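Predicted, not measured: the structure shown is a model, and the values here were computed from it.
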Amino acid sequence: MCKDCGCSLGGHDHAHTHADGTTHSHAHDHGAQHGHGAAHEHSHGHAHPALNESKTVEVITKILSQNDEEAAHNRAHLDECGILCVNLMSSPGSGKTTLLEATIKSGKFKIGVVEGDLETNQDADRIIKAGGKAHQITTGQACHLDAFMVHEGLHHLPLEGLDIVFVENVGNLVCPASYDVGSHFNVVLLSVPEGDDKVAKYPVMFRAADLIVITKTSLLPHFEFDVKKVVKEARKLNPKVDVIELDAKTGEGMEKWLNFLKFKKELR
């Protein structure tokens, strides 16, 4: 099961959209379980035995170990191609896709995106419309992408023509933080409407961040959101974390974001 939320991690069917917009689905099983079992009702005259904690820990350790091996493979493949890979994580609605659209439209980089959502190809369609390349992974009930899913996505992108590949992870402030997908660094988005208390409430996610992007800053006059508080709480968890404030709709702060990507790309 997922070590953070307890969801089961079994083989599942998922659909995906290619860079040219075509979509199909197939079964996917890589030794880690990713779907939830079907609900059922039954009655017994006895209580179920307690879960075997040591066995559960052993299974989780094996799953994460296999995932980390695949993540290292993904990173090595991207390094060979000279591509920077960025893992974007956040809660739903924080503005990940909007930020990607604005980044693509800046014309600074050739961008591909591995999109993760429970259902629909809406985000992949938006990326393609903006001028990027995209491969959609619909996870069904799985609350995060893992390295195996991203590996598949990379093989459906024209890597030889790209500068940066973004992994737009499933909207969730818990589980994605525990899974290395093969990226070079992690970016966590926090939007102004979500509130400034999320860093303290979801420390595992923000501890995993190399960069925190505070989004929708044009709304600051309308919400009680303390940027200094967010920065202070974040640096308690990770003293080296960078923080950028921006609004992808208005363009405010976008130059800092683009310069950050340029700097990271040059390090590859």
Side-chain angles (χ1 to χ4, degrees), residues 1-5 7-12 14 16 19 26-34 56-90 96 100 109-116 133-137 139 142-170 172 174-188 204-211 237-238 240-242 260-261 263-268:
M1 63 175 60
C2 176
K3 79 184 189 73
D4 290 308
C5 75
C7 70
S8 62
L9 299 162
H12 59 279
H14 65 262
H16 50 262
H26 61 82
H28 177 65
D29 190 354
H30 46 67
Q33 306 297 325
H34 287 280
T56 300
V57 170
E58 180 183 337
V59 170
I60 291 172
T61 300
K62 182 178 180 181
I63 288 169
L64 293 179
S65 176
Q66 291 173 341
N67 181 82
D68 289 348
E69 289 177 9
E70 189 71 2
H73 173 74
N74 290 348
R75 217 165 359 252
H77 185 44
L78 291 159
D79 287 340
E80 288 175 4
C81 297
I83 292 173
L84 176 68
C85 186
V86 183
N87 185 18
L88 287 185
M89 300 180 287
S90 76
K96 295 189 297 297
L100 289 176
F109 312 100
K110 296 177 181 177
I111 291 172
V113 184
V114 177
E115 285 284 355
K133 305 297 182 182
H135 177 79
Q136 180 79 50
I137 303 238
T139 64
C143 52
H144 59 272
L145 292 179
D146 62 28
F148 294 92
M149 297 179 192
V150 171
H151 176 84
E152 177 189 325
L154 293 177
H155 281 284
H156 287 85
L157 291 175
L159 296 182
E160 65 282 355
L162 300 179
D163 299 314
I164 304 176
V165 168
F166 288 94
V167 176
E168 185 174 352
N169 224 308
V170 178
N172 182 346
V174 183
C175 304
S178 297
Y179 286 79
D180 184 356
V181 295
S183 63
H184 294 107
F185 66 95
N186 295 323
V187 176
V188 178
V204 174
M205 174 60 75
F206 289 94
R207 191 178 291 117
D210 298 296
L211 172 69
L237 298 171
N238 180 358
K240 296 181 180 180
V241 71
D242 290 309
F260 181 88
L261 293 176
F263 172 73
K264 290 292 187 179
K265 171 63 180 168
E266 289 172 351
L267 293 178
R268 298 313 322 148

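For the pair K265 and F109, the cation-pi criterion (under 6.0 Å, within 45° of the ring axis) is not fulfilled.
Of the inter-residue distances, the one linking F166 atom CZ with L84 atom CG reads 7.5 Å to the nearest 0.5 angstrom. Separation of atoms CD1 (I83) and NE2 (H77) is listed at 7.5 Å; rounding is to 0.5 Å. The line from CG of L211 to NZ of K264 is 8.5 Å long, rounded to the nearest 0.5 Å. A distance of 4.0 Å separates CD of E115 from CD of E168, quoted to the nearest 0.5 Å. Note: I137 CD1 to H156 NE2 = 8.5 Å, rounded to the nearest 0.5 Å. Put simply, CG on L162 and NZ on K110 are 8.5 Å apart, with the number rounded to the nearest 0.5 Å.
Taking the six-membered ring where the residue is Trp, F260 and F185 present perpendicular rings, their angle passing 60° and hence far from 30°.
Remark: side-chain polar atoms of N169 are paired, donor with acceptor, to backbone N or O of L145 under 3.5 angstrom. Put simply, the side chain of N186 never gets that close to the backbone of D210: no donor and acceptor are under 3.5 Å apart. Between the side chain of N74 and the backbone N or O of A147 there is at least one donor-acceptor pair closer than 3.5 Å. With hydrogens and angles ignored, the 3.5 Å screen pairs a side-chain donor or acceptor of H184 with a backbone N or O of C85. Looking at D146, its side chain never comes within 3.5 Å of a backbone N or O of N67 through a donor-acceptor pair. The closest donor-acceptor contact from the side chain of N172 to the backbone of C143 lies under 3.5 Å.
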Original post:
Going through the checks in order, is the side chain to side chain contact (heavy atoms under 4.5 Å, CB included) test met by V174 and M205?
Top reply: CA-CA 6 Å; V174 183; M205 174 60 75; over 6 Å; no
**OP:** Take H135 and E152, measure what side chain to side chain contact (heavy atoms under 4.5 Å, CB included) needs, and give me the verdict at the end.
**Re:** CA-CA 9 Å; H135 177 79; E152 177 189 325; 3.8 Å; yes
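Of all heavy-atom pairs between K96 and S90, the closest is NZ-OG, 2.9 Å. Of all non-hydrogen atoms in K133 and P158, the two that sit nearest each other are CG-CG, 3.8 Å.
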